[in-house]
Amino acid sequence: MPSIIQTDQLKSADGVTTYLNSGTLSNLTFPAGHVLQVVQAVKTDVQNVTSSSSAVNWTTVTNLEPSITPSATSSKILVNISISHSSETYSNLVKLQAKTGSGSFADLTGAIGPASGSKSRITLSGVGGSLDQGEISTNSMMYLDSPSTTSARSYQIQFTHRHLGTGVINKSYEDADADYAGRGISTITLMEIAG
């Protein structure tokens, strides 16, 4: 039978006491690179994004807005995006946004492409077309954010369907009742990394 050592405090050689309250370790320092916590949001519902003009109109992806509270200002947040989507005609564009506390969501600097003329600044993209209406694809990427705060940090995805037509999240546009027409999920996973 395994042995069990139970205590409510630890003391280091220099006399610093660490208290263990309800399973929470306080006053501990973890080496840089350690994962301190993980938060995930999963979107399983379907969302249509329809464009009625040639302009790029961004729409918030609903039910996909995880929030994490860093334990130190030196912490990094590893953001892992995975989005399943399809298209009626042209490509779908995606960008990552973030906010801290009760502020407003804004494009996450460094997580979108640099400014260049009239080009859309995006995080990732998925191709589409009338020949691919029965297909669903998944695009993913990771980005290491440096929020420099211990306030809650929230993330969301902005999605647009380029030009006239409809982009769809989590299913194929055609959505046939056939084995080739998949239904998928989209996720954002946040990992606090010790700095």
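Source: prediction; values computed, not measured.
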Practice problem: Could you grab the distance from atom CD of E65 to atom CD of Q156, nearest 0.5 Å is fine? | Solution: 5.5 Å

Name every donor-acceptor pair, under 3.5 Å, that has one atom in a side chain of residues 115-122 and the other anywhere in the protein, sequence neighbours excluded.
{"unit_1": "R121", "atom_1": "NE", "unit_2": "G113", "atom_2": "O", "d": "2.7"}
{"unit_1": "R121", "atom_1": "NH2", "unit_2": "G113", "atom_2": "O", "d": "3.3"}

Practice problem: Kindly work out whether a path of hydrophobic side-chain contacts (I/L/V/M/F/W/Y, heavy atoms less than 4.5 Å apart) joins L190 to Y143. | Solution: yes

Quiz item: Which atom pair, heavy atoms only, marks the closest approach of S82 to T138?
Solution: OG-CG2, 3.3 Å

Quiz item: In Å, rounded to the nearest 0.5 Å, how long is the span from NZ of K171 to CD of E174?
Solution: 9.5 Å

Exercise. Take atom CE of M141 as the centre, draw a 6.0 Å sphere, and report whether it contains more than 12 heavy atoms from other residues, nucleotides or ligands.
Key: yes

Practice problem: Name all pairs fulfilling the salt bridge (charged side-chain N to carboxylate O under 4.0 Å, His left out) condition that reach into residues 144-155, sequence neighbours left out, sorted by first residue then second. | Solution: D145-R153

Self-check item: Candidates V94, L124, N92 - the one meeting side chain to side chain contact (heavy atoms under 4.5 Å, CB included) with N139
Solution: L124

Exercise. Tell me whether I169 is reachable from I157 by hopping between hydrophobic residues (I, L, V, M, F, W, Y) whose side-chain heavy atoms are closer than 4.5 Å.
Key: yes

Quiz item: Between T189 and Q40, does any side-chain donor sit less than 3.5 Å from a side-chain acceptor?
Solution: yes

Quiz item: In terms of side-chain heavy atoms, does K43 have a donor or acceptor partner in S84 at a distance below 3.5 Å?
Solution: no

Quiz item: When hydrophobic residues are tied together by side-chain contacts of less than 4.5 Å, even through go-betweens, does F105 share a cluster with I83?
Solution: no

Quiz prompt | Which atom of L93 lies closest to which atom of W58, heavy atoms considered | solution = O-CZ3, 3.5 Å

Exercise. Please name all residues satisfying side chain to side chain donor-acceptor pair (under 3.5 Å) with T166, sequence neighbours left out, ordered by chain then number.
Key: T50

Quiz prompt | Heavy-atom closest contact (E135 atom, S172 atom, distance) | solution = O-CB, 3.5 Å

Quiz prompt | Beyond-backbone contact of V61 with Q158, side-chain heavy atoms, under 4.5 angstrom | solution = no

Practice problem: Measure the OG-NZ distance between S151 and K99 for me, rounded to the nearest 0.5 Å. | Solution: 12.5 Å

Practice problem: Say whether V49 and V168 are linked into one hydrophobic cluster, either directly or through other cluster members, by side-chain heavy-atom distances under 4.5 angstrom. | Solution: no

Practice problem: Check L108 against Y155 and note the closest heavy-atom contact, atom names and distance. | Solution: CD2-CE2, 4.1 Å

Quiz prompt | Gap between atom NE2 of H85 and atom CD of Q47 - 0.5 Å precision | solution = 13.0 Å

Exercise. Can you see which heavy atom on L96 is nearest to which on A111, and at what distance?
Key: CD2-CB, 4.2 Å

Do any side-chain atoms of residues 72-81 form donor-acceptor pairs under 3.5 angstrom with protein atoms, and if so which ones, sequence neighbours left out?
{"unit_1": "S75", "atom_1": "OG", "unit_2": "A72", "atom_2": "O", "d": "3.4"}
{"unit_1": "S75", "atom_1": "OG", "unit_2": "E192", "atom_2": "OE2", "d": "2.7"}
{"unit_1": "K76", "atom_1": "NZ", "unit_2": "S146", "atom_2": "OG", "d": "3.1"}

Quiz item: Which pair of non-hydrogen atoms, one from T89 and one from G165, has the smallest distance, and what is that distance?
Solution: OG1-CA, 4.2 Å

Quiz item: Quick one: does Q97's side chain have a donor or acceptor within less than 3.5 Å of a partner on T60's backbone?
Solution: no

Quiz prompt | I68 reachable from L144 in the ILVMFWY side-chain graph, under 4.5 Å edges | solution = no

Quiz item: What residues form a side chain to side chain donor-acceptor pair (under 3.5 Å) with T59, not counting sequence neighbours?
Solution: none

Quiz item: Got a sec, which residues hit salt bridge (charged side-chain N to carboxylate O under 4.0 Å, His left out) with K95, two or more places apart in sequence or on another chain?
Solution: D107

Quiz prompt | Sole candidate of N170, T44, V46 that passes side chain to side chain contact (heavy atoms under 4.5 Å, CB included) when paired with R183 | solution = V46

